[in-house]
Number of protein chains: 2
Amino acid sequence: MRGTNRPSLKDVAAIVGVSTASISRCINNPQKVAEPTRLRIKKAIESLGYVPHFGGRALAINRTNTIGAIIPSMENAVFASGLQAFQEALSHAKVTLLVGSSNYNATQEYDQIRSLLSQGADGLLLIGKDRPKNTQDFLERNSVPHVLAWCFAEHMSSLTVGFDNRKSGQKITKHVIEHGHRKLAVIAGLREGNDRAHERILGIEDAVKANPTVEIVAIEECKYSFNEAGAALDRILAIEKSPTAIICSSDVLAVGAMLRTKDLGLRVPDDLSITGFDDINLARVVTPGLTTVRVPQQEMGRKAAVILLDLINPNRSNAELQSIELTTPIITRGTLAYL
Amino acid sequence: MRGTNRPSLKDVAAIVGVSTASISRCINNPQKVAEPTRLRIKKAIESLGYVPHFGGRALAINRTNTIGAIIPSMENAVFASGLQAFQEALSHAKVTLLVGSSNYNATQEYDQIRSLLSQGADGLLLIGKDRPKNTQDFLERNSVPHVLAWCFAEHMSSLTVGFDNRKSGQKITKHVIEHGHRKLAVIAGLREGNDRAHERILGIEDAVKANPTVEIVAIEECKYSFNEAGAALDRILAIEKSPTAIICSSDVLAVGAMLRTKDLGLRVPDDLSITGFDDINLARVVTPGLTTVRVPQQEMGRKAAVILLDLINPNRSNAELQSIELTTPIITRGTLAYL
DNA sequence: TTCTCGCATGCAAGCGCTTACATTTTTAAG
DNA sequence: CTTAAAAATGTAAGCGCTTGCATGCGAGAA
């Protein structure tokens, strides 16, 4: 909206022959304006193609009706679909989504937080719960309304909508162990600054420790790409004690590993079992289908939106908002063999 | 940024003991402020945790440094990755991305356009080139800076960054025909309000018409989901003249069809050839690998950002900006058989 | 020493909108 | 008819920031 001379309230007022206040009221509280005037105003607005100036309004009401989301990357379908659900929910409430991406990097996330906030975001959706002190401080000090998705924690200063990554990691591992596997390997995302990856591994270790006959023969971290995962698989296969199952902390990683096994002439799950995490489309499409953990992507997006909208609602009920814990069912397909 | 009492320029000025003008200058034109003052100001800003108020600034400079993108859906990886690239490019230029999604629906797109613009977007990224007259009019009348991606056209009032969907459709079809196929079927996205789907089919028809021995035995439209594509495949197989190849206007559709063939016990490509369009991760992962058309998703995102940034640059060179045509190579994998 | 010029800073006028309060008009009760 | 209350509209003061112009200062030139 940047024609050289966009119409302003004044212009509309001049045409209709009323004060700017009436126009404003007509836009924000139509019932406060008499029917006939309202009609004339509507017509004038229409004919001028008037659109309220965002800055002016934001300045006056100190609110932008805008919410920011900072996700690691839209490249990964799991976040893209969560974001899509989030956006749709916001859209119904007439609030607009600002997007930033952190590339799994805490500094970038901090920058994006500052940036989105300085763009006027009324609230923020963030992924995961661990962040550096300065980021944390910044959020608190400015009392930024925000919710954390993809994780769950009670008794935290922030609200969360998601699941317990550690428990989920433990659950899938237990599942693998129940299939008779004793030597496990792990391919995970880089743990640094990524609590989800970190906690999932912790969960895996929990399950292993609970069972003395089971051991983890290798943990390989790598970026979220097929090729990196393939390389991680190579490293794992290079060690003496071959695992019978590889637990991956993400479907992308799992599928990358599967692709590599194919190149190597290994059969999944006969020669090697592989499990994923996320349950994105890829998991369903690869052959055999990937046994994985379903992450409630869309549900998180939708629920996070609800909470956030409530949080920034100026006349919000004092109703105590609660963190929400969602479940992560195991989806059984074909990559996990009984030993 | 909505602490009950966020600091304003005035507060900073009070602490430093200079006028608000100097603070403003220090933020926007540091070289216009003497070194020592600048340092003191920086310190004060830091200690207060001051962040410029978005509305105030937007009102004063009549610009938001915000660009909107309206894509059909982030659910489809092809758009998600284009959007990711777009966002990154914008981020480098310190501009923020507003996101809306249209769900392949012209009315929703129009609403989102209005919405993003009223949120102050300085410019817009839109997908595809055909839209209803009212949308078109709206864009022109308000002279909204915008670029259209995922399509290409010269001599249009809008700039485009993308490829010629029709030519690409023709190209893959020619490729299929060269493999000896004579009876083709098509699974496409809903054409209504979707010029990409529409033009791809036109291209397919072009290629077929150029070769009298070839015919299209069926064209099925459906939504972009595996199941819908599977159902479309069923409909195609139900007719008498069985096609030997199915050309799909998107990878999602192609993979959905492949999944269904598997259920049906049909072998791809031995019993049936299938081609896709987009070249998203799915195409590489499915077995056999999907022969498809590569769409330069990220390149479009990046280049669209460059153009758009130029377009909204207040002191922009008069350099005539040009639409950009990108190529769409055919990626040969395993779903297209020689007959 | 005086005069200029340039640099650093301050002053103050908006930018377009909302809203508390004041004023006018309408409505309805007596 | 009056008159009070309610409804409709107007007035004007900001919201926080930017920026053209004015001012004050010190340095170098004459």
Side-chain angles (χ1 to χ4, degrees), chain A residues 1-42 44-45 48-65 117-120 122 142 314-315, chain B residues 1-42 44-45 48-66 117-120 122 314-315:
Chain A
M1 222 57 179
R2 9 193 358 266
T4 36
N5 255 325
R6 58 181 286 177
S8 77
L9 264 196
K10 249 190 219 158
D11 301 316
V12 185
I15 288 196
V16 183
V18 296
S19 72
T20 60
S22 290
I23 314 288
S24 173
R25 273 190 287 260
C26 178
I27 292 172
N28 302 302
N29 292 87
Q31 80 283 6
K32 290 202 158 185
V33 166
E35 178 82 14
T37 334
R38 196 188 315 161
L39 259 35
R40 276 160 51 224
I41 293 180
K42 285 236 156 96
I45 288 184
L48 272 174
Y50 168 77
V51 178
H53 186 280
F54 183 64
R57 172 180 249 145
L59 185 53
I61 64 182
N62 197 35
R63 200 153 182 292
T64 57
N65 280 314
L117 250 20
S118 77
Q119 289 297 315
D122 291 331
N142 298 292
N315 48 15
Chain B
M1 216 58 179
R2 5 190 6 261
T4 36
N5 254 324
R6 58 181 286 177
S8 79
L9 262 197
K10 249 191 218 159
D11 301 314
V12 184
I15 287 196
V16 183
V18 296
S19 73
T20 60
S22 289
I23 313 288
S24 174
R25 273 190 286 260
C26 179
I27 291 172
N28 302 302
N29 292 89
Q31 79 284 5
K32 288 201 163 189
V33 168
E35 178 82 13
T37 334
R38 193 189 317 161
L39 259 36
R40 275 161 51 225
I41 295 180
K42 285 236 155 96
I45 289 184
L48 272 175
Y50 169 77
V51 178
H53 186 281
F54 180 64
R57 172 182 248 141
L59 184 52
I61 64 182
N62 197 33
R63 197 155 185 291
T64 58
N65 281 314
T66 268
L117 249 22
S118 77
Q119 288 296 316
D122 291 330
N315 47 17

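With rounding to whole Å, A:I27 atom CD1 is found 9 Å from C:dC17 atom C1'.
For the atom pair CG (B:L59) and OG1 (B:T64), the distance works out to 12.5 Å, reported to the nearest 0.5 Å. Considering NE2 of A:H53 and OG of A:S8, their distance stands at 10.0 Å, rounded to 0.5 Å. Distance check: B:N65 CG to B:F54 CZ gives 8.0 Å after rounding to the nearest 0.5 Å. Residue A:I15 holds its CD1 atom at 4.0 Å from CG of A:L48, rounded to the nearest 0.5 Å.
In the model, B:R57 has a side-chain atom that pairs as donor or acceptor with a side-chain atom of B:N28 under 3.5 Å. Between the side chains of B:T66 and A:Q119, at least one donor N or O lies within less than 3.5 Å of an accepting N or O.
Considering every non-hydrogen atom in both A:I27 and A:Y50, the closest pair reads CD1-CE2, 3.7 Å.
In this structure the side chain of A:N142 never reaches within 4.5 angstrom of the side chain of B:R6, judged on heavy atoms.
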Using a 3.5 Å cut-off and no angle test, enumerate the donor-acceptor pairs between side-chain atoms of residues 29-41 of chain B and protein atoms at least two apart in sequence or in another chain.
residue	atom	partner	partner atom	Å
B:T37	OG1	B:A34	O	3.4
B:R38	NE	B:P30	O	3.3
B:R38	NH2	B:V33	O	3.1
B:R40	NH2	B:V16	O	2.9

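Judged as a side chain to side chain contact (heavy atoms under 4.5 Å, CB included), and not counting sequence neighbours, the contacts of B:A13 are B:T20, B:I23. Remark: A:S22 engages no residue in a side-chain hydrogen bond (donor to acceptor under 3.5 Å, both in side chains) (not counting sequence neighbours).
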Which pairs, protein N/O on one side and nucleotides 4-7 of chain C N/O on the other, fall under 3.5 Å?
none

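Each of B:R25 and B:H53 was matched to the nucleotide of DNA chain D holding its nearest heavy atom; the match closer to the 5' end belongs to B:H53.
DNA chain C lies under 4.0 Å from no heavy atom of any residue of residues 29-42 of chain A. Shown for residues 7-21 of chain B: residues whose heavy atoms fall under 4.0 angstrom of DNA chain C, namely B:G17, B:V18, B:S19, B:A21.
Across its full length, the helix from C:dT1-D:dA30 to C:dG30-D:dC1 shows an angle of 40° between the axes of its 5 terminal pairs at either end, rounded to 10 degrees.
Sorted pairs that involve residues 7-31 of chain B and meet salt bridge (charged side-chain N to carboxylate O under 4.0 Å, His left out), not counting sequence neighbours, are lacking altogether.
Along DNA chain D, the stretch of nucleotides lying under 4.0 Å from any heavy atom of chain B spans, 5' to 3', D:dG16 to D:dG20.
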